[in-house]
Amino acid sequence: MEQAYRSGGATGTAVSSPMMIDARNLNKYFGERHVLCDIDFQVKRGECVAIIGPSGSGKSTLIRCLNYLEQPTSGTIWIDGEELHGQLSAQKLSEVRRELGMVFYNFNLFPHKSVLENITLAPIQVRHQPRAEAEANARALLKKVGLADKADAYPNQLSGGQKQRVAIARALAMNPKALLFDEPTSALDPELVGEVLRVMRELAEEGRTMVVVTHEMGFARSVADRVVFIDNGRIVEQGDPDVVFMNPQSERLRAFFEKVLHPV
């Protein structure tokens, strides 16, 4: 494992680091349930990391802790050298969190706003981007995700795959330093999964920093730079996708692959 990602610096101050995301000794309890157990999780700039594991293993809790949608019970998180912690002011916490674009499994689009309005809302209100600039950027992003003709449509006029691609465009509109995907294809019909994965593959090929919680083993193996397997709130194994998939070291990961890759 990499060592010495940072040196010096007072709590909460940005320091030089090769890591875009650096989480140390993360623990999360829901009541008496220990959901994350002493997690160390780092993501380099430009790296695409796929998080895999059984349902209920803590994958989504981890990714939600990374931008403080869930506050860890203990541990430390740095985003581009800036520490996230519960004592930050709401404004400062918002400033750090906005550098992480979040894409949820259930899209979270505003149903009463058009596609264009969904994408431009945050850049205009949060980044104070001029409306004309925000709209031009939104149209370019819609073209990027293959939805150039949907700017004036409303979410209820879109398929699930189209909604998710709009959600990706919305995240990109904030020009985040990293993108977090929480099972982005789990709510989609099987025939719609491919169009979303295609966009995500293109983003990874561009060298964007990405963390993807996913059940799509083909995506994890062919697109990710590193695969992390979590079970019972702990990182059991991680490494190069080909190595992890072809030669899993733990019995638990071998059993997991046997179920998901070779179902009866």
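Heads up: numbering here begins at 1 and tracks the sequence. No experiment lies behind these values; they were computed from the predicted model shown.
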Output the distance between atom [atom1] ([X]) and atom [atom2] ([Y]), rounded to the nearest 0.5 Å.
{"X": "His112", "Y": "Asn118", "atom1": "NE2", "atom2": "CG", "value": "8.0 Å"}
{"X": "Gln157", "Y": "Lys163", "atom1": "CD", "atom2": "NZ", "value": "10.5 Å"}
{"X": "Asn232", "Y": "Leu36", "atom1": "CG", "atom2": "CG", "value": "11.5 Å"}
{"X": "Tyr154", "Y": "Leu109", "atom1": "OH", "atom2": "CG", "value": "13.0 Å"}
{"X": "Arg131", "Y": "Thr120", "atom1": "CZ", "atom2": "OG1", "value": "6.0 Å"}
{"X": "Leu142", "Y": "Asp149", "atom1": "CG", "atom2": "CG", "value": "9.0 Å"}

- Under the side-chain contact (heavy atoms from CB on, under 4.5 Å) criterion, do Leu69 and Arg97 qualify, and how do the steps go? CA-CA 9 Å; Leu69 288 175; Arg97 287 171 63 187; 3.1 Å; yes
Is there side-chain contact between [X] and [Y], with at least one heavy-atom pair below 4.5 Å?
{"X": "Val212", "Y": "Val223", "answer": "no"}
{"X": "Phe41", "Y": "Ile230", "answer": "no"}
{"X": "Met102", "Y": "Leu100", "answer": "no"}
{"X": "Gln71", "Y": "Cys65", "answer": "no"}
{"X": "Met217", "Y": "Ile52", "answer": "yes"}
{"X": "Leu172", "Y": "Leu203", "answer": "yes"}
{"X": "Ile168", "Y": "Val196", "answer": "yes"}

Would a distance-only check, ignoring hydrogens and angles, find a side-chain to backbone donor-acceptor pair under 3.5 Å from [X] to [Y]?
{"X": "Gln162", "Y": "Ser159", "value": "yes"}
{"X": "Asp80", "Y": "Met20", "value": "no"}
{"X": "Arg24", "Y": "Thr76", "value": "no"}
{"X": "Arg170", "Y": "Ala122", "value": "no"}
{"X": "Asn27", "Y": "Ser74", "value": "no"}
{"X": "Gln164", "Y": "Thr185", "value": "no"}
{"X": "Glu237", "Y": "Ile235", "value": "no"}
{"X": "Asp40", "Y": "Asn25", "value": "yes"}

- Message: Between Cys48 and Met200, does the side-chain contact (heavy atoms from CB on, under 4.5 Å) criterion hold? Intermediate values first, please.
- Response: CA-CA 10 Å; Cys48 177; Met200 294 172 62; over 6 Å; no
Could you tell me which residues satisfy ring pair (Phe, Tyr, Trp, His ring centres under 6.0 Å) with [X], sequence neighbours excluded, listed by chain and number?
{"X": "Phe257", "result": "Phe245"}
{"X": "Phe256", "result": "Phe229"}
{"X": "His34", "result": "Tyr29"}

- Message: According to salt bridge (charged side-chain N to carboxylate O under 4.0 Å, His left out), who are the partners of Arg98, at least two apart in sequence or on a separate chain?
- Response: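 Result, salt bridge (charged side-chain N to carboxylate O under 4.0 Å, His left out) vs Arg98: none returned.
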- Check against side-chain contact (heavy atoms from CB on, under 4.5 Å), Phe107 and Leu188: CA-CA 10 Å; Phe107 324 128; Leu188 302 181; 3.8 Å; yes
What are the two closest heavy atoms between [X] and [Y], and how far apart are they?
{"X": "Met210", "Y": "Ala204", "answer": "SD-N, 3.5 Å"}
{"X": "Ala148", "Y": "Lys143", "answer": "CB-CA, 4.0 Å"}
{"X": "Gly46", "Y": "Thr209", "answer": "N-OG1, 2.7 Å"}
{"X": "Val103", "Y": "Ala167", "answer": "CG2-O, 4.2 Å"}
{"X": "Ser222", "Y": "Arg201", "answer": "OG-NH2, 3.2 Å"}
{"X": "Pro241", "Y": "Ala224", "answer": "CG-O, 3.1 Å"}

Between the side chains of [Y] and [X], is the shortest nitrogen-to-carboxylate-oxygen separation below 4.0 Å, so that they form an ion pair?
{"X": "Lys144", "Y": "Glu206", "result": "yes"}
{"X": "Glu99", "Y": "Arg127", "result": "yes"}
{"X": "Arg198", "Y": "Glu202", "result": "yes"}

Using the rule that two of Ile, Leu, Val, Met, Phe, Trp, Tyr join whenever any of their side-chain heavy atoms come within less than 4.5 Å, decide whether [X] and [Y] are in one cluster.
{"X": "Leu116", "Y": "Val166", "result": "no"}
{"X": "Leu158", "Y": "Leu192", "result": "yes"}
{"X": "Val244", "Y": "Val236", "result": "yes"}
{"X": "Val227", "Y": "Ile63", "result": "no"}
{"X": "Leu62", "Y": "Val211", "result": "yes"}

- Task: Could you note down all residue pairs passing side-chain hydrogen bond (donor to acceptor under 3.5 Å, both in side chains) where residues 52-69 supplies at least one of them, sequence neighbours left out?
- Result: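 Those involving residues 52-69 are Ser60-Asp182.
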Neighbour count above 12 (heavy atom, 6.0 Å) for [X] [atom1]:
{"X": "Gln91", "atom1": "CD", "result": "no"}
{"X": "Asn137", "atom1": "CG", "result": "yes"}
{"X": "Phe30", "atom1": "CZ", "result": "yes"}

- salt bridge (charged side-chain N to carboxylate O under 4.0 Å, His left out) pairs, two or more places apart, involving residues 214-235: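 For residues 214-235: Glu47-Arg226, Arg221-Asp242, Asp231-Arg252.
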- Query: Given Ile21 and Ile79, is the side-chain contact (heavy atoms from CB on, under 4.5 Å) satisfied, shown in steps?
  - Reply: CA-CA 5 Å; Ile21 298 170; Ile79 304 299; 4.1 Å; yes
